[in-house]
A.B. asks: 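Below are the structure tokens for one structure; questions will follow.
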There are 2 protein chains.
Amino acid sequence: MDANKVAEQTERPPLDRNLQAPAFLAKSLSDENRLRILLCVRNRKKSVSGIVEELHLSQPLVSHHLKELRRALLVEVERNGPFVFYKLADGRVIEILRKLHELAQDLVTHRTGF
Amino acid sequence: MDANKVAEQTERPPLDRNLQAPAFLAKSLSDENRLRILLCVRNRKKSVSGIVEELHLSQPLVSHHLKELRRALLVEVERNGPFVFYKLADGRVIEILRKLHELAQDLVTHRTGF
DNA sequence: TCAGCGTATAAACGATTATTTATATTTAAG
DNA sequence: CTTAAATATAAATAATCGTTTATACGCTGA
């Protein structure tokens, strides 16, 4: 690993610019039903009706949330006959959700670890 | 590093339960002004008026967002005379923001890395 | 106690959003 | 071409949210 790679690991990206992008992604993750959908399609692609049955949500609601997740580029679409399959676009979303979950736990137990 | 620590790193927490907690945290991170405030108080504690001047936001708006961030346990409060100081409660929030920022960049450049 | 500063709250408003109900679009089969 | 199934869209509604304006609260010094 060269010096550039090392610098990439330790260097803190700006993050003061482009707050719009992380805020937008966070908004996509701010709804419990959308998170359920993301977890539902994280391993294998699922049809809309499959998601509907698995999560016990109405079909228009699932379609609406999928549209939102597609807008955020968090899911990818694939048509097959009359079915439309959705799958997670990037596994790092799940990692971020884990970190959010872990952080929430620690915050409530007041072990802020800071 | 002992076996427990290793297990902690690789073990996948449930995450299918308690989706409410990460969704709630994500909602706190879904507003650009709140993110600016979080970054503003990430290193040293800041008074409300300090934040107001630094971010060029109205005082009631800053107070409102601080109340929201307090509800999410993301900031801690400390009174000193007539001043009220706020500071970031847990540095991992910044890490999560970085990951969101990085993910957003990669998603738009279509290098999903998945 | 009064005045002034820092902060919090209330009320009001517009905008966005999650959800439901109803309808349209698309696809494949007969 | 017609029909049925899968999915998407539209319209409508209720709820939430971000912001502004105005006002109240709390602390400190005179």
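First the proteins, then the strands, lettered A, B, ... as listed; each starts at 1.
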A.B. asks: For DNA chain C, find the residues of residues 20-33 of chain B with a heavy-atom distance under 4.0 Å and give them by number; none if there aren't any.
C.D. replies: none
A.B. asks: In whole Å, I'd like the distance from the CD atom of B:Glu53 to the C1' atom of C:dT7.
C.D. replies: 14 Å
A.B. asks: Does A:Lys45 have any salt bridge (Lys or Arg N to Asp or Glu O under 4.0 Å) partners at least two apart in sequence or in another chain, and if so, which?
C.D. replies: A:Glu78
A.B. asks: Given that A:Ser58 and B:Phe83 both sit by DNA chain C, which one's nearest nucleotide is further toward the 5' end?
C.D. replies: B:Phe83
A.B. asks: Counting any heavy atom closer than 4.0 Å, what does B:His65 reach on the DNA or RNA strands: base, sugar-phosphate only, or nothing?
C.D. replies: sugar-phosphate
A.B. asks: For a quick test of your reading: what N or O donor-acceptor pairs under 3.5 Å do the side chains of residues 47-54 of chain A make, sequence neighbours left out?
C.D. replies:
| residue | atom | partner | partner atom | Å |
| --- | --- | --- | --- | --- |
| A:Ser47 | OG | A:Ser49 | OG | 3.2 |
| A:Ser47 | OG | A:Gly50 | N | 3.0 |
| A:Glu54 | OE1 | A:Lys46 | NZ | 3.3 |

A.B. asks: Once you round it to whole Å, what is the distance between P of C:dT9 and CZ of B:Arg70?
C.D. replies: 6 Å
A.B. asks: Who passes side-chain hydrogen bond (donor to acceptor under 3.5 Å, both in side chains) against A:Gln20, sequence neighbours left out?
C.D. replies: none
A.B. asks: Is the backbone N or O of A:Leu55 less than 3.5 Å from a side-chain atom of A:Arg36, with the two atoms forming a donor-acceptor pair by type?
C.D. replies: yes
A.B. asks: Can you list every pair that meets salt bridge (Lys or Arg N to Asp or Glu O under 4.0 Å) and has a residue in residues 56-67 of chain B, with sequence neighbours left out?
C.D. replies: none
A.B. asks: Over all strands shown, is A:Phe85 touching base, sugar-phosphate only, or nothing at heavy-atom distances under 4.0 angstrom?
C.D. replies: nothing
A.B. asks: Let me know the distance between CZ of A:Arg34 and C1' of C:dT19, rounded to the nearest Å.
C.D. replies: 12 Å
A.B. asks: Mind checking side-chain hydrogen bond (donor to acceptor under 3.5 Å, both in side chains) for B:Glu68 and listing every partner two or more places apart, or none if nothing turns up?
C.D. replies: B:Arg71
A.B. asks: Output the rounded distance in Å from CG (A:Leu69) to C1' (C:dT17).
C.D. replies: 14 Å
A.B. asks: Check every nucleotide of DNA chain D for an atom under 4.0 Å from a heavy-atom of chain B, then give the first and the last such nucleotide from 5' to 3'.
C.D. replies: D:dC17 to D:dT28
A.B. asks: What does the list of N/O pairs under 3.5 Å between the protein and nucleotides 23-28 of chain C look like, with a distance for each?
C.D. replies:
none

A.B. asks: Who passes salt bridge (Lys or Arg N to Asp or Glu O under 4.0 Å) against B:Arg70, sequence neighbours left out?
C.D. replies: none
A.B. asks: Report yes if at least one side-chain N or O of B:Ser49 is closer than 4.0 Å to OP1 or OP2 of C:dT7; otherwise report no.
C.D. replies: yes
A.B. asks: Which heavy atom of A:Val77 sits nearest a heavy atom of A:Tyr86, and at what distance?
C.D. replies: CG2-CE2, 3.7 Å
A.B. asks: Running the 4.5 Å side-chain criterion over Ile, Leu, Val, Met, Phe, Trp and Tyr, what cluster does A:Phe83 land in, apart from itself?
C.D. replies: A:Phe85
A.B. asks: In whole angstroms, how far is the P atom of C:dC13 from the CG atom of B:Leu61?
C.D. replies: 19 Å
A.B. asks: Counting only pairs under 3.5 Å, give me each side-chain donor-acceptor contact of residues 23-31 of chain B, with atom names and distances, residues two or more places apart or in other chains.
C.D. replies:
| residue | atom | partner | partner atom | Å |
| --- | --- | --- | --- | --- |
| B:Ser28 | OG | B:Phe24 | O | 3.3 |
| B:Ser30 | OG | B:Lys27 | O | 2.6 |
| B:Asp31 | OD2 | B:Asn33 | N | 3.0 |
| B:Asp31 | OD2 | B:Arg34 | N | 3.2 |

A.B. asks: Is the closest side-chain donor-acceptor distance between B:Gln105 and B:Thr109 under 3.5 Å?
C.D. replies: no
